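For clarity, every value in this text was computed on a predicted model and none was experimentally measured. Each residue takes its place number in the sequence, starting with 1.
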Amino acid sequence: MVEERTRVVVIPEFLTVRQLANLMSVSPIDIIKELMNAGLMVNINQQIDFDTAAIVAQDMGFEVQPESPLQVEVVEEAAAPVKQQFIAGEAPEDLVSRPPVVTILGHVDHGKTKLLDAIRHTNVAESEAGGITQHIGAYQIVYDGKPITFLDTPGHEAFTAMRARGAQGADIAVLVVAADDGVQPQTIEAIAHARAAHVPIIVALNKIDKPNANPDVVKQQLADAGLVVDDWGGDVICVPVSAKHKINIEELLENILLVSEVAELKANPNRPAVGTVVEGRLDKSKGAMATILVQNGTLRVGDAVVIGEIYGRVRAMFNDKGKQVKEAPPSMPVVISGLSDVPTAGDILEVVENERTARMIANNRAARRQEAAARPTRVFTLDDLYNQFQAGQVKELNLIIKADVQGSIEPIVTSLQKLGDESLQVNILHQATGNITESDIMLAIASRAIVIGFNVTVDPAARRMAESEGVDVRVYDIIYRLIDDVDKALKGLLEPVYQDVVTGHAEVRAVFRISGVGRVAGAYVLDGEIARNSLARVRRGEEVIYNGRIASLKRFTEDVKEVKAGFECGISLEKFDDFREGDVIEVYRKERVS
């Protein structure tokens, strides 16, 4: 709005040309003219940012003030130890104990789902079993008079996907390991994901009823993976169970309550709610629905909420048994309706003052995302490390190591652990054999880690995810270079990394000898373009026989700067003239990637 006497205009972070004209009470045409004078061609509905709008307004004689940021963005970039994420800034006297949130992790077929079913039905009388009418991705039981919430989304990838989006996935991780099958690759990955989340681990040693069960062998395997169980002198609780026969389920629940008491889980129920989306779905009759795990405050019917770029008002709320409820305190999972769209698992829900505020925040976030989409995304790279260390933002370098064979991992890990000092150290989150997969990238996103491969490749899907999320993936074939790069990163000496970006190919179709120059290739440009002075390599079949630079480029007898696809040209290369018909000249440029 504009105050006429002082001609002050309050401008939000993003707005359209039409909205700016309305704020300033001027014609949109005048604003478009000002933008054209500044070299920007826009239309009346085009969105511009605050800086652009401020320049126009000032040029037109207005005093500009930015719109006050809304205070509800406090959990936008939650990152620190997950237990404190949602209670940062709360007065200690306002905090009360809350139920623990538990997730079940482990290798496929080790009994994660059966264990969840056993826990659920141990707590439900036969007459009440029919009351559980829907699957909502989370449920709450009461054991010994104390509630426990379980995330019914088994699998470390679902758990980590939530954490990667800034959400608290759980307070406690129950690691299911089959006593007859032992520690498997997914078990190792699950341990890495739980450690990266800084949550305590309880081992549920499942299938102890099987005749070929061998708990001691499994405990030794766990110790080799860094989990030393309590009866072996370690600090990790291990409970032998049988999900199939419901053996020791109550003992497992007792230990979950014990660990939660030690963790001192707290929340403030007397504030606007903050929570995490567990699942989202579209119901034919009720519209967009979301399962919300409330993590601080109390969520009530009628609350205005914003979830990422989605907004709405809580129209109805149901617990895990399908019963309508009016409010949900901390650690309670509920299904809500009344949203503008279906949210994504891991998105953060916040209660705000009113629906107008929720809509404004959602729209601003959408605008920021569109702006960010135009820029390359970078999460964390090796050469960022030292600057962040100096700024006090990071004290360790998280690494994920993948190698071709186990024999390669051991010397790499041993060498890396010797690097750094007491103020900046290497922390190896996960080490395994095999190619770099999407699971590795997901762990890196959630933990701000670097993925390092030795004599392995990156799966295509993993490469796409890494590129879109900005994860630094480095692959080596010489161990000392790998170690040297990490050492330089820790010392702030790392050189930038470049990748080759191919800009065109030309096929040699004739070879000419020119006096004073030597042999020159008569070539046809197959794709892209060939530019003078570009880097180039000559491919003969599968072999690269030259790598250098283009010395001259001609069209007929004239020197030219570039030749596009579909045209013929003459090419000479620096210090190379051994052309043969059928050779392919590949032109490329070096592009910095970190």
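Under the side-chain contact (heavy atoms from CB on, under 4.5 Å) criterion, Asn214 pairs with Asp216, Val217, not counting sequence neighbours. The side-chain contact (heavy atoms from CB on, under 4.5 Å) check on Asn435 picks up Val456, Thr457, Asp459, with sequence neighbours excluded. In this structure, the side chain to side chain donor-acceptor pair (under 3.5 Å) partners of Arg537, at least two apart in sequence or on a different chain, are Asp500, Glu586. For Glu507, the salt bridge (charged side-chain N to carboxylate O under 4.0 Å, His left out) partners are Arg509, not counting sequence neighbours. Qualifying side chain to side chain donor-acceptor pair (under 3.5 Å) partners for Glu251, counting only residues two or more places apart in sequence or in other chains: none.
Smallest separation of non-hydrogen atoms from Ile409 and Ala403: CG1-CB, 3.5 Å. Contact detail for Thr187 and Gly182: the closest heavy-atom pair is OG1-O, 4.3 Å. A pairwise comparison of heavy atoms in His107 and Gln186 identifies ND1-CB, 3.1 Å as the closest pair. Nearest heavy atoms, Ala178 versus Lys207: CB-CD, 3.9 Å. Smallest separation of non-hydrogen atoms from Met289 and Val335: CE-CG1, 3.5 Å. Shortest non-hydrogen contact noted between Leu105 and Ala173 is CD1-CB, 4.0 Å.
Judged by distance alone, the side chains of Ser331 and Gln295 never bring a donor and an acceptor atom under 3.5 Å apart. Side-chain contact, Asn398 with Asn427: a donor N or O sits under 3.5 Å from an acceptor N or O. Judged purely by distance below 3.5 Å, without hydrogens or angles, the side chains of Tyr588 and Asn547 pair a donor atom with an acceptor atom.
In this structure, the side chains of Leu349 and Thr276 stay at 4.5 Å or more apart for every pair of heavy atoms. Contact annotation: the side chain of Ile400 never approaches that of Ile450 to less than 4.5 Å [non-hydrogen atoms, C-beta and beyond]. Within the 4.5 Å cutoff, the side chain of Ile148 has heavy atoms near those of the Leu257 side chain. Counting only heavy atoms from C-beta outward, the side chains of Leu535 and Val587 never approach each other to under 4.5 Å. Within the 4.5 Å cutoff, side-chain heavy atoms of Leu252 are placed close to those of Ile119. Using a 4.5 Å heavy-atom threshold, the side chains of Ile585 and Val508 count as touching. The side-chain heavy atoms of Val584 and Val538, taken from C-beta on, include no pair separated by under 4.5 Å. Side-chain contact check for Asp440 versus Lys402: some heavy-atom pair is nearer than 4.5 Å.
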Test log, rule side chain to side chain contact (heavy atoms under 4.5 Å, CB included), inputs Val102 and Leu151: CA-CA 6 Å; Val102 182; Leu151 289 181; over 6 Å; no
Side chain to side chain contact (heavy atoms under 4.5 Å, CB included) between Ile208 and Ile247, intermediate numbers included: CA-CA 9 Å; Ile208 57 165; Ile247 299 172; 4.3 Å; yes
Stepwise salt bridge (Lys or Arg N to Asp or Glu O under 4.0 Å) check, Asp485 with Arg474: CA-CA 10 Å; Asp485 267 9; Arg474 294 180 177 236; 3.6 Å; yes
Side chain to side chain contact (heavy atoms under 4.5 Å, CB included) evaluation trace for Ile249 with Leu115: CA-CA 8 Å; Ile249 302 300; Leu115 181 60; 3.8 Å; yes
Verdict with supporting geometry, Ile401 and Phe454, side chain to side chain contact (heavy atoms under 4.5 Å, CB included): CA-CA 8 Å; Ile401 309 294; Phe454 179 75; over 6 Å; no
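The line from OG of Ser408 to CG of Leu482 is 10.5 Å long, rounded to the nearest 0.5 Å. Expressed to the nearest 0.5 Å, how far CG of Asp583 lies from CD of Glu543 amounts to 10.5 Å. To the nearest 0.5 angstrom, Ile104 atom CD1 is 10.5 Å from Asn206 atom CG. Rounding to the nearest 0.5 Å places CZ of Arg464 at 12.0 Å from CD1 of Ile441. Rounding to the nearest 0.5 angstrom, the gap separating the CD1 atom in Ile452 from the CD1 atom in Ile436 is 9.0 Å. The line from CG of Asp341 to CD1 of Ile310 is 4.5 Å long, rounded to the nearest 0.5 Å.
One N or O on the side chain of Ser534 and one on the backbone of Ala531 form a donor-acceptor pair closer than 3.5 Å. The backbone N or O of Ile307 lies less than 3.5 Å from no partner atom in the side chain of Asp347, so there is not a single donor-acceptor pair. Judged by distance alone, with hydrogens and angles left aside, the side-chain atoms of Gln184 form a donor-acceptor pair with the main-chain N or O of Asp181 at under 3.5 Å.
A salt bridge links Glu350 with Arg365: at least one charged nitrogen is closer than 4.0 Å to a carboxylate oxygen. Looking at Asp171 and Arg98, a side-chain N of the basic residue comes within less than 4.0 Å of a carboxylate O on the acidic one, giving a salt bridge.
Aromatic rings from Phe576 and Tyr546 are positioned such that their centres are separated by under 6.0 Å.
Cation-pi geometry between Arg120 and Phe150 is not met: the NZ or CZ atom fails to fall both under 6.0 Å from the ring centre and inside 45° of the normal.
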Side-chain donor-acceptor pairs of residues 228-244 under 3.5 Å, sequence neighbours excluded:
unit_1 : atom_1 : unit_2 : atom_2 : d
Asp231 : OD2    : Lys219 : NZ     : 2.6
Ser242 : OG     : Asp209 : OD1    : 2.9
Ser242 : OG     : His245 : N      : 3.2

